[in-house]
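First the structure, in the form of structure tokens, and then the observations on it.
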Amino acid sequence: MGEQSKLSLRHCCLILFSVLTISSTTAFDYGDALMKSLLYFESQRSGRLPYNQRVTWRDHSGLTDGLEQGVDLVGGYYDAGDHVKFGLPMAFTVTMLSWSVIEYRDQIADAGELEHALEAIKWGTDYFIKAHTSPNVLWAEVGDGDTDHYCWQRPEDMTTSRQAYKIDEKNPGSDLAGETAAAMAAASIVFKKTNPHYSHLLLHHAQELFEFGDKYRGKYDGSIGVVKSYYASVSGFMDELLWAALWLYEATDKEDYYLKYVINKAHCFGGIGWAISEFSWDVKYAGVQVLASMLLEKAKHEHEGHVLKQYRSKAEYYLCSCLNKNNTTSDNVERTPGGLLYIRQWNNMQYVSTATFLLTVYSDFLRNSNQHLRCPTGTIDPEEILSFAKSQVDYILGSNPMNMSYLVGYGSKYPIRVHHRGASIVSYRENKGFIGCTQGYDNWYSRVEPNPNVLVGALVGGPDCRDNFMDQRDNYMQTEACTYNTAPLVGVFARLLQLEENLEVELVASY
């Protein structure tokens, strides 16, 4: 072999080695994770399933929802492993799915998943349109947690109460009205170009709901007592009204009224007073602060800029607390020994996915505007923020002390006894024989065998503060999954997939 041939061979081997090295250190298939995360929402569908339903172990359910009240409430999503349709977490799920598409539409489309993302959003917004029966009436819940939790049944066999509950002028729920307005406003942005009529309809509903929530103020759990044990509104309604106003500002092509609302109510509604270390279906302040921060460069006058700067300082507190860059330990989010953000023991992964989303979006915002994050311990560049977000996603997908993927169906090892009625009982499509309330508990709930149906794309509650995880059906703090756990990851998976592809292109180009 000539010297030149040897050099060429060595050069090719070096490129191959480099590519393999990159692949081995970042061996996660974000495209597969993205596809699976969107599949999960099909498992959670209530109502009459469409012809293109891909999750075939599910069938129609809840087809008489709202019938007793004389209103059509068929559709929407079950929030977790039970069969209640809770309005507040459902709306937050749709807001986060919509925000994922707003930020990462091109990346989701490049992965071939845009159609599925739009279907996931529309399944929720179609239901909200039905539930908003007049300007000042919004149906908040179908079913109730107490009777539902006595039963372990497939949704197709449901025998539990389907009582529906609403908010109105005499029974207000500004938090629920605000979050549903936010969801519909964000979704109206998503559908603006592809389905302008639907987008306009969503915006109309969002504006009415915001006006209703703002005019008749009160917490929805004060009006609907049955929700208190499940989705109590601890943070109140002021964060949701600010959140809705920001999304309406974006959806209305920057209508001044909504920004003025966010500026004028900033102090009295806690928008610039609350520095907080969680972002969730209940507590929206961090999301509000991050969204408001991105408007600072376009502030029209001094007072507006001054208030938006205060929003930014609170957003930076949240982001720095996730990055462990605030001055004191109490100002930073705890981490497990394996490096996972840890807020609380019950369904901790919901806080990880929302934090990861805000970090990812803000890192892109900083990169695009050529800025850095200012933390008390120093400035952080956008790449470092995205790298930390990636570390959280990689932990979720298997880079953790348990060597387990907490995204069900992803990888070779994942939870197989998820706390989920439908997944844990033989499919209705396979066995249409009725399975009663207690029969489900007796024959299926206590089984040690894996669930007969895999709840693909579900993000379970996750490990404890020491990275330990027990894969047991009755360990619902760790093995139950919720729609609002997975929703923020849709955008993040798409962004990380783009990052990986760009790295590979740069690597090949460098040779």
Side-chain angles (χ1 to χ4, degrees), residues 19-44 54-55 57 81 100 107-108 111-113 116 336-342 347-350 352-353 355-357 360 387-420 423-424 449-464 466-473 475 478-483 485-501 503-504:
V19 171
L20 287 173
T21 305
I22 279 197
S23 301
S24 65
T25 52
T26 54
F28 295 110
D29 185 342
Y30 301 118
D32 187 48
L34 171 62
M35 181 271 289
K36 285 174 171 158
S37 68
L38 285 164
L39 198 59
Y40 167 61
F41 294 96
E42 297 191 21
S43 302
Q44 296 303 110
R54 295 176 295 162
V55 178
W57 53 266
S100 285
Q107 292 89 333
I108 294 169
E113 290 297 325
H116 294 133
T336 67
L340 184 73
L341 292 170
Y342 191 81
N347 189 16
N348 180 62
M349 278 301 188
Q350 65 175 308
V352 179
S353 66
T356 302
F357 181 85
T360 302
S387 175
F388 177 70
K390 182 178 178 298
S391 76
Q392 297 300 292
V393 171
D394 290 351
Y395 184 111
I396 288 169
L397 295 181
S399 181
N400 58 61
M402 298 289 289
N403 293 313
M404 172 178 276
S405 162
Y406 293 106
L407 191 78
V408 178
Y410 178 90
S412 58
K413 183 186 176 189
Y414 49 80
I416 55 175
R417 297 176 194 86
V418 181
H419 181 93
H420 188 278
S424 69
E449 289 86 0
N451 288 350
N453 309 303
V454 181
L455 193 65
V456 174
L459 178 61
V460 296
D464 66 14
R466 308 296 303 167
D467 298 298
N468 297 315
F469 179 81
M470 285 199 312
D471 186 11
Q472 293 170 205
R473 212 167 284 114
N475 179 21
Q478 294 190 328
T479 62
E480 190 164 23
C482 303
T483 55
N485 293 17
T486 294
L489 290 182
V490 168
V492 181
F493 287 146
R495 177 66 180 93
L496 292 180
L497 177 62
Q498 180 195 38
L499 181 71
E500 290 296 282
E501 288 171 348
L503 273 175
E504 285 175 24

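Throughout, residue positions are numbered sequentially from 1 according to the sequence presented.
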Fill in: Heavy-atom pair with the smallest gap, counting every atom of Ala423 and Pro452
O-CD, 3.3 Å
Worksheet item: Do you know which two heavy atoms are closest between Pro415 and Asp471, and how far apart they sit?
Response: CA-OD2, 3.5 Å
Discussion item. Any non-hydrogen side-chain atom of Leu340 less than 4.5 Å from a side-chain atom of Gln392?
Written reply: yes
Fill in: Minimum heavy-atom distance Asn485-Val460, with the two atoms named
ND2-O, 3.9 Å
Worksheet item: How about Arg473 and Ser424: do any of their side-chain heavy atoms sit closer than 4.5 Å?
Response: yes
Discussion item. For Ala33, give me all partners under side chain to side chain contact (heavy atoms under 4.5 Å, CB included), at least two apart in sequence or on another chain.
Written reply: Leu397, Leu407, Tyr410, Phe493
Discussion item. Listing request: all side chain to side chain donor-acceptor pair (under 3.5 Å) pairs with a residue in residues 397-408, at least two apart in sequence or in separate chains.
Written reply: none
Worksheet item: Are His420 and Gln44 close enough, and set up right, to give a side-chain contact (heavy atoms from CB on, under 4.5 Å), and what steps lead you there?
Response: CA-CA 10 Å; His420 188 278; Gln44 296 303 110; 2.9 Å; yes
Discussion item. Contact between Tyr395 and Val352 at the side-chain level, heavy atoms closer than 4.5 Å - yes or no?
Written reply: no
Discussion item. For Arg495, give me all partners under salt bridge (charged side-chain N to carboxylate O under 4.0 Å, His left out), at least two apart in sequence or on another chain.
Written reply: Asp364
Fill in: Spacing of NE2 belonging to His116 relative to OG belonging to Ser37, to within rounding of 0.5 Å
11.5 Å
Discussion item. Is the shortest side-chain heavy-atom distance between Pro463 and Tyr342 below 4.5 Å?
Written reply: no
Practice prompt. Kindly check if the number of other-residue, nucleotide or ligand heavy atoms within 6.0 Å of CZ (Arg54) is above 12?
Written response: yes
Worksheet item: What distance separates Leu455 CG from Lys36 NZ, expressed to the nearest 0.5 Å?
Response: 13.0 Å
Fill in: Ala389 backbone acceptor or donor facing Thr360 side chain under 3.5 Å
no
Worksheet entry | Asp467 side chain to Gly338 backbone, donor-acceptor under 3.5 Å | yes
Worksheet item: Who passes side chain to side chain contact (heavy atoms under 4.5 Å, CB included) against Met470, sequence neighbours left out?
Response: Gln472, Asn475, Gln478
Worksheet item: Heavy atoms, side chains only, cut-off 4.5 Å: are Phe388 and Leu341 in contact?
Response: yes
Discussion item. Measuring only between side-chain heavy atoms, which start at C-beta, is Leu499 closer than 4.5 Å to Tyr30?
Written reply: no
Response to the item:
Residues at least two apart in sequence or cross-chain that pass side chain to side chain contact (heavy atoms under 4.5 Å, CB included) with Ser353, listed by chain then number, are Leu459, Pro488, Leu489
Discussion item. Working note: Tyr414 + Val454, criterion side-chain contact (heavy atoms from CB on, under 4.5 Å); need CA distance, chi angles, decisive distance, verdict.
Written reply: CA-CA 10 Å; Tyr414 49 80; Val454 181; 4.1 Å; yes
Worksheet item: What pair of heavy atoms forms the shortest contact from Thr486 to Gly457, and how long is it?
Response: OG1-O, 3.0 Å
Practice prompt. Applying ring pair (Phe, Tyr, Trp, His ring centres under 6.0 Å), name anything that partners Phe357, two or more places apart in sequence or on another chain.
Written response: Trp99
Discussion item. Is the shortest side-chain heavy-atom distance between Arg417 and Thr479 below 4.5 Å?
Written reply: no
Practice prompt. In sequence, state the C-alpha distance, the side-chain angles, and the governing distance for Val490 and Tyr40, and then conclude on side-chain contact (heavy atoms from CB on, under 4.5 Å).
Written response: CA-CA 11 Å; Val490 168; Tyr40 167 61; over 6 Å; no
Discussion item. Contact between Asn347 and Cys482 at the side-chain level, heavy atoms closer than 4.5 Å - yes or no?
Written reply: yes
